[in-house]
Amino acid sequence: AQARGQASAQAGSSRELAGGGGRADWSVGNAESGAGLILVHGIDPLPPWYDPATDGFTGTAREDLGSFVEGLPTIFLKVASYRDELCHVTLADAFNKAKHPERIFVGVVEQNAEGDVPCLEYEKVGAGASLAACPPSPSSQSQRAQDELPALCRWGAHVRLYKQRAQDATGPTFPRHVGDRLYRGEYFVLQTDAHMSFVAGWDEDAIAQFDAAKNDMAVLTTYPTDTEGSLDAKGRSTRRTSPVMCETQFTPEGLLRHGSALEIYPMFGPKSPVLHPFWAAGFSFARGHFAVNVPYDCCTPMLFQGEEINIAVRAWTSGYDIYTPHNSVAFHPYKRKKRPPMFWENSEHHKGEGVRSARRVRALIEIHPKGQPPPKGTWDEADAELYGLGTRRKADDFYALFGINRERGRTTKNLCSWSSSGRMHRELAKFMRPDKRGIDYEAAFRELGPPAGIL
């Protein structure tokens with residue numbers, strides 16, 4: 001039921017699981033009354049894709065896409081949460097710590113079981129202690145009254161919520177696929193996990209770093225640094241390093257699994273991010289057109305290792321360039337005392353699906369020996385044309401540049417030495433296109449030599 005556009009296929013079974021009574025059978029957060037949009041899996045259709053041509057966009061190219069609020073470029077925060085008790089804390093923190101919360105719009109996919117904390121649940125402390133629920137039309141109240149409201153009440157109209165029962169969940173790729181469908185033309189898109197802590201002024205900081213890249217096709221992405229010891233009492237970062245992703249190895253399924261990030265001191269001037277090889281699902285900041293040009297695949301249930309190389313190769317071949325941020329604007333709690341459940345608890349009902357999904361990814365991003373794709377019939381080909389490679393660069397060049405030997409199933413380059421030293425950035429950033437829309441790799445290969453020989 002995860003595949004083929006899905007809305008009609010999922011409706012019947014999920015309505016039965018909901019008890020046949022509709023929305024009343026779902027746990028409801030006390031801040032849901034103020035949400036801008038709430039959709040329930042199996043009862044409502046999936047949100048339609050944002051279509052720049054029909055949804056009010058007046059530019060001439062997707063790269064011009066982006067809305068503004070009071071003159072400020074907007075940010076779409078995309079969060080997928082599987083039974084995560086910190087989801088509501090993360091969303092509130094994003095609004096509370098933003099310099100301009102009015103520009104933040106959230107798309108959150110909540111996959112909960114009975115008794116789990118909803119993502120739209122404000123804390124019953126401080127201003128929220130006396131509230132039974134978010135008041136209607138908070139924007140019509142006095143500024144003082146608005147300021148006293150919990151963040152998820154004050155900014156609830158900026159939240160688009162998709163609710164799915166945890167027992168229907170099949171991994172991170174489907175909720176992130178739905179998250180991309182909740183995008184509505186914002187200027188930037190930020191994907192994070194559902195258990196993050198933001199720095200004060202994170203929105204301005206992230207945009208400043210993006211601007212410093214001087215590349216409209218930049219994607220600032222990495223495995224975030226640990227929250228412990230990273231924030232002072234005022235929410236300011238105490239870190240001066242940035243995590244570079246450079247370690248990777250093949251999985252038994254023929255995809256890639258990345259190792260822990262390597263902390264470096266950025267070396268290219270104020271706020272300038274640093275080119276590095278790989279993309280991370282836990283933190284990714286880019287222009288909004290990234291959600292339109294490289295949407296999450298609809299049809300890879302039970303896929304975990306392989307999600308990130310899938311997006312990386314599709315993004316790179318679509319013309320995007322991958323950077324680690326100059327400095328972290330959000331941190332991840334790797335040492336949680338109580339870890340949330342994982343979707344693997346549903347694996348008994350989805351035997352073999354992860355293997356088929358891995359074959360689908362291998363086929364679509366061509367991470368297989370030449371001429372030896374997974375045989376047809378062994379993987380789901382639904383909507384394959386929507387989730388394949390881009391057309392601006394060749395996948396062969398990606399694999400050669402980053403030393404990914406598909407024939408032997410191993411990596412062949414010391415990417416950490418190349419990227420953590422800044423040498424990768426120095427060698428490639430100078431080939432930026434004049435229109436600031438991506439690195440011209442054809443020019444780079446003409447001067448530096450074939451991609452396999454670079455490094």
Side-chain angles (χ1 to χ4, degrees), residues 1-11 14 23 26 32 35-57 62 65-67 74-82 87 91 104-112 119-120 157-165 168-194 219 281 284-301 303 307 310-311 314-315 318 343 357 360 364 380 382-388 390:
Q2 297 286 356
R4 300 174 182 81
Q6 303 165 10
S8 60
Q10 293 171 338
S14 290
R23 298 173 191 275
W26 295 73
E32 286 186 22
L37 174 71
I38 299 178
L39 298 174
V40 176
H41 177 83
I43 296 174
D44 299 304
L46 287 175
W49 290 108
Y50 176 77
D51 184 354
T54 60
D55 290 341
F57 173 61
R62 282 185 175 181
L65 187 65
S67 61
T74 53
I75 298 174
F76 176 66
L77 172 60
K78 183 178 75 171
V79 175
S81 172
Y82 184 82
C87 179
L91 300 186
I104 309 303
F105 293 83
V106 173
V108 56
V109 179
E110 171 195 285
Q111 298 174 314
N112 273 1
C119 285
L120 294 191
H158 287 212
V159 179
R160 304 155 202 158
L161 172 66
Y162 186 95
K163 295 164 71 79
Q164 182 182 28
R165 291 171 70 93
D168 293 341
T170 58
T173 59
F174 176 69
R176 286 170 173 158
H177 165 83
V178 176
D180 283 331
R181 286 174 171 266
L182 292 171
Y183 169 79
R184 283 297 174 265
E186 287 80 10
Y187 198 90
F188 293 102
V189 57
L190 170 62
Q191 174 176 309
T192 73
D193 289 334
V219 185
S284 173
F285 185 81
R287 281 292 306 275
H289 49 71
F290 190 79
V292 176
N293 292 333
V294 195
Y296 259 79
D297 195 332
C298 66
C299 308
T300 53
L303 181 74
E307 166 194 5
N310 183 19
I311 296 292
R314 291 173 55 211
S318 297
F343 71 94
S357 294
R360 174 181 170 94
L364 295 186
D380 188 351
D383 294 334
E385 70 281 0
L386 301 179
Y387 306 108

Euclidean distance, His41 NE2 relative to Asp168 CG, rounded to 0.5 Å:
4.5 Å
Locate the shortest heavy-atom distance separating Asn293 from Ser318; write the atom from each residue and the value.
O-OG, 4.4 Å
Output for pair (Cys299 SG, Asp383 CG), nearest 0.5 Å, gives 5.5 Å
To check you understand the geometry: which heavy-atom pair defines the closest contact between Leu91 and Cys119, and what is its length?
CD1-O, 3.7 Å
Distance check, rounded to the nearest 0.5 Å: Leu46 atom CG versus Leu182 atom CG?
9.5 Å
Do any N or O atoms from the side chain of His158 and from the backbone of Ile104 form a donor-acceptor pair under 3.5 angstrom?
yes
If you round to the nearest 0.5 Å, how far is CZ of Phe174 from CG of Leu303?
14.5 Å
Point-to-point distance, once rounded to the nearest 0.5 Å, from CZ of Phe105 to CD1 of Ile75:
10.5 Å
Sequence neighbours excluded, the answer for ring-ring contact (aromatic ring centres under 6.0 Å, His included) partners of Tyr183 is Tyr50, Phe76
Could I get the full list of salt bridge (charged side-chain N to carboxylate O under 4.0 Å, His left out) partners for Arg360, not counting sequence neighbours?
Asp297
Is it true that Asp180 and Arg160 have a side-chain N and a carboxylate O under 4.0 angstrom from each other?
no
So if I apply the ring pair (Phe, Tyr, Trp, His ring centres under 6.0 Å) rule between His177 and each of Trp49, Tyr162, Tyr296, which one comes out positive?
Trp49
Do Ile38 and Lys163 have side chains that get closer than 4.5 Å, going by heavy atoms?
yes
Working for side chain to side chain contact (heavy atoms under 4.5 Å, CB included), residues Arg176 and Val109:
CA-CA 8 Å; Arg176 286 170 173 158; Val109 179; over 6 Å; no
Counting N and O atoms only, with roles assigned by atom type, does the side chain of Ser357 sit under 3.5 Å from a partner on the main chain of Pro301, one being a donor and the other an acceptor?
yes
Please find the pair of heavy atoms, one from Ala281 and one from Asp193, that lie closest to each other, and give the distance.
O-OD1, 4.5 Å
Nearest heavy-atom contact between Pro47 and Arg181 is O-NH1, 2.9 Å
Check: Ser81 side chain, Glu110 main-chain N or O, donor-acceptor pair, under 3.5 Å
no
Using only atom types and a distance under 3.5 Å, with no angle test, would you say the side chain of Arg287 pairs donor to acceptor with the backbone of Val189?
no
ring-ring contact (aromatic ring centres under 6.0 Å, His included) against Phe188, all qualifying residues, sequence neighbours excluded:
Phe210, Phe285
Rounded distance [0.5 Å steps], CG in Asp51 versus CZ in Arg184
10.0 Å
On a heavy-atom basis, which atom in Pro172 and which in Glu307 lie closest, and how many Å separate them?
CG-OE1, 3.5 Å
So does Gln191 get a backbone contact from the side chain of Ser284, meaning a donor-acceptor N/O pair under 3.5 Å?
no
If you define the side chain from C-beta out and look only at heavy atoms, does anything of Cys87 sit under 4.5 Å from Gln111?
no
Min side-chain heavy-atom separation Val178-Leu39 under 4.5 Å
no
